[in-house]
Amino acid sequence: AKSGDGHNTPMFLVTSAAAVGHAAPDRAIIVSRHGVRRQFPSSAFNFSLYAPGKHFDTSDEAWGAGGEGMGVLTQHGYAAVQRMGAYQSGRYASLLSAADGGCADGAAFVYCEENMPRDEKTAEAFFKGLGCALPPLHSEGVEYLIDQGSKPRGENGQCALGTQAQVEGRVGGSVDGYLRLYKPLLAKLSELLGCCAKSLCPAGMESCSLEDLPGSWDAAHWYTTFSGPIYAGKYFAEWIELTMLNGMDFAWGKLSVEEVMELSAFVTQYRAFEFDLLAARPFGSALLSHIAASLTQWESGQREPALAHDPSPRLVYYAAHDTNLLYLAELLGLKWLSHGYQPNHTPPGGALVFEAFGPANPANPLDEWQIALYFDIQTPLQIRELTVLSDDDPATTPSRVPVTIPGCSTKAEDDPHAPLLCPLSTFTRLVRQAVQPECITPPDLRAFAEGKASARSRGSHPGPIPLTNAGIFAGGAMLALMIVAVWVAVERRTGGGMLVVTREKMENVSLVSVPGV
């Protein structure tokens, strides 16, 4: 098989320590960010002023993007995702395999937003790496699942991003306070860029650097909270990181890969301003509820009306964005530190993976379904060099971080290979506590989030439920228990005796009072 960059890529020729360290999961859900994309041009930054004399090119041609329906996904990014898919086949081939050794029809299901070619092509690359054809993409209603927050939700538009006061109250009072924390990095980036041209400087200053630039609240763009030094740091640090990951010349030859990833602290910090819990509840509730519904559908084996797939697929893939991963992290209180990255960084191709273990699975000690959660990503150098991945050497082994779900995940202390497991019943309860149902547009999914039967579920039982002998007895027994409770209260006052409940032929319930002795 050939990757997106034309190189031959071995399929299934990988080994996975995770696959042999503990029993394979019975099902899996993968929520993945798209692969490496080109940087977007910005109306906020005039490059000639922020980096005088330096060249920036946002064209598809410069980045190797835009061809064959790729959108902004680069050919290099496609190839890197395909490498990861080949590696993950060592973990999940058993979920997808057919009797003849190929990929079974219907073994996987893919949710992908319509008119989002970088997501579609990322899914294609991943499944090509797995050794499978891309399953049909389901896009109807997916805009409510893969929701980044570009428009308000709710019946009256009440589900929106935080206000300036709310965001400032979350970050600690003022974004300007972070300039003190990031002063050394701002100075390093400013020197690298040659910032700034005099026209950018505040009045009265003949020269300035990034940290001197004024900032303000940006209400016009959903993807921007505050303009100013931290946002400039985020944009240019992301630019440098993407060029490095894409196999291009980066940072004008002045930084190492490690120094590039040090600067990416601006990326993670600014996203913490943008995509925190204030944004996660309105715009992440649908996706998290959908994931929980997928898991409970596997447990019950019964079709869940909120889902487009039935219980038969063993792998469900959501073609998503960094924003969606961060929303899930905020709602569940998740943290990870992948090899080579900043804390809770969501690099291109990174994925949250939910592995599900049924009661019969040897890795699961309970009589109910449990889940283990991971964050999977190649190291920065592996993405840049398109490393063929395997567990044969640390340099070729991708990063996998076991992620704790607070209030749920536990691990068997006597087994170093045991996964961090979270009982599905507890996970579902935590999800329903975390989400904001009024912000979930699809009615069946909102009903699931509220713990209610959906309209379609209720519609499947028209009219009264017929009474059977067992049903009559159950009702009679319940009535008897209520009478017993009343009788006990009376007898405690009168010094009475016992009350005997007898059943004859599943038909009659008798209450016999026996005087005290």
Side-chain angles (χ1 to χ4, degrees), residues 31 33-34 37 40 42-45 113-116 118-119 141-178 214-235 237-238 265-291 318 320-335 344-346 352 431-442 445-446 449:
V31 186
R33 185 189 177 187
H34 55 76
R37 58 161 174 82
F40 297 119
S42 172
S43 59
F45 300 109
E113 190 177 357
E114 194 172 15
N115 300 320
M116 196 63 71
R118 66 181 181 271
D119 299 349
V142 175
E143 64 178 289
Y144 300 114
L145 305 180
I146 313 301
D147 191 349
Q148 298 192 72
S150 60
K151 63 181 71 173
R153 300 295 183 190
E155 293 182 1
N156 301 308
Q158 73 273 25
C159 301
L161 297 170
T163 65
Q164 178 178 353
Q166 288 173 326
V167 173
E168 287 179 334
R170 286 280 296 173
V171 304
S174 172
V175 171
D176 291 339
Y178 285 79
S216 62
W217 174 255
D218 184 352
H221 304 99
W222 68 269
Y223 51 84
T224 307
T225 50
F226 296 92
S227 64
I230 301 296
Y231 182 50
K234 178 261 183 187
Y235 181 80
E238 184 178 54
F266 289 116
V267 178
T268 54
Q269 183 58 69
Y270 196 80
R271 284 176 179 153
F273 295 158
E274 295 176 287
F275 307 130
D276 68 347
L277 192 59
L278 292 171
R281 296 196 73 209
F283 303 110
S285 291
L287 178 58
L288 181 56
S289 299
H290 202 270
I291 290 168
Y318 296 88
H321 300 264
D322 53 350
T323 316
N324 307 114
L325 295 171
L326 292 170
Y327 288 160
L328 295 177
E330 286 289 336
L331 289 170
L332 292 174
L334 310 177
K335 296 183 182 297
N344 274 40
H345 199 3
T346 50
L352 279 169
V431 167
R432 286 174 170 152
Q433 290 172 349
V435 301
Q436 198 166 348
E438 64 268 27
C439 300
I440 300 175
T441 301
L445 188 57
R446 188 187 312 123

(Q) Please check: side-chain N/O of Gln158 versus main-chain N/O of Asn156, any donor-acceptor pairing under 3.5 Å? (A) yes

Q: Kindly give the heavy-atom pair with the smallest separation between Ser285 and Leu331, and that separation in Å.
A: N-CD1, 3.9 Å

Q: Show your reasoning for whether salt bridge (Lys or Arg N to Asp or Glu O under 4.0 Å) applies to Arg118 and Glu113.
A: CA-CA 10 Å; Arg118 66 181 181 271; Glu113 190 177 357; over 6 Å; no

Q) Side-chain donor-acceptor pair under 3.5 Å between Gln436 and Glu438, yes or no? A) yes

Q. What are the two closest heavy atoms between Thr225 and Trp217, and how far apart are they?
A. O-CE3, 3.4 Å

Q | Any donor-acceptor pair under 3.5 Å from Arg281 side chain to Ala434 backbone | A | yes

(Q) Tell me whether Tyr144 contacts the main-chain N or O of Phe283 through its side chain, where contact means a donor paired with an acceptor under 3.5 Å. (A) no

(Q) Side chains of Tyr318 and His290 only: does a donor on one sit below 3.5 Å from an acceptor on the other? (A) yes

Q.
I need the minimum non-hydrogen distance between Leu145 and Leu287, along with the two atoms involved.
A. O-CB, 3.4 Å

Q: Check side-chain hydrogen bond (donor to acceptor under 3.5 Å, both in side chains) between Asp322 and all other residues, then give those that pass, not counting sequence neighbours.
A: Arg271

(Q) Checking the side chain of Asp276 only, and the main-chain atoms of Leu278 only, is there a donor and an acceptor separated by less than 3.5 Å? (A) yes

Q: Would you please indicate if the ring centroids of Tyr235 and Phe266 are separated by under 6.0 Å?
A: no

**Q.** Heavy atoms of other groups near Glu114 CD, more than 12 under 6.0 Å
**A.** no

Q: I would like to know whether Leu352 and Leu334 meet side chain to side chain contact (heavy atoms under 4.5 Å, CB included); could you show each step before the answer?
A: CA-CA 10 Å; Leu352 279 169; Leu334 310 177; 4.3 Å; yes

Q.
Rounded to the nearest 0.5 Å, what separates atom CD1 in Ile291 from atom CG in Leu332?
A. 8.5 Å

Q. Met116 and Asp119: which non-hydrogen atoms are nearest, and at how many Å?
A. CG-OD2, 2.8 Å

**Q.** Under 3.5 Å: donor-acceptor pair, side chain of Arg446, backbone of Thr441
**A.** yes

**Q.** Main-chain N/O of Thr163 paired with Gln166 side-chain donor or acceptor, under 3.5 Å
**A.** yes

Q: With sequence neighbours excluded, give me every salt bridge (Lys or Arg N to Asp or Glu O under 4.0 Å) pair touching residues 147-159.
A: Asp147-Arg153

**Q.** Rounded distance [0.5 Å steps], CD in Gln269 versus CG in Asn344
**A.** 11.5 Å

Q | Spatial distance of atom NZ (Lys234) from atom CZ (Phe226) [nearest 0.5 Å] | A | 15.0 Å

Q: Nearest 0.5 Å please: distance from the OH atom of Tyr327 over to the CD atom of Gln148.
A: 7.5 Å

Q. What distance separates His321 NE2 from Arg33 CZ, expressed to the nearest 0.5 Å?
A. 9.5 Å

Q) Are the side chains of Pro282 and Cys439 in touch, meaning some heavy atoms are under 4.5 Å apart? A) yes

Q: Enter the distance from Phe275:CZ to Leu161:CG here, rounded to the nearest 0.5 Å.
A: 8.0 Å

Q.
So which atom in Val171 and which in Tyr178 form the shortest heavy-atom distance, rounded to 0.1 Å?
A. O-OH, 2.7 Å

Q) What are the two closest non-hydrogen atoms of Ser289 and Val435, and how far apart are they? A) OG-CG1, 3.7 Å

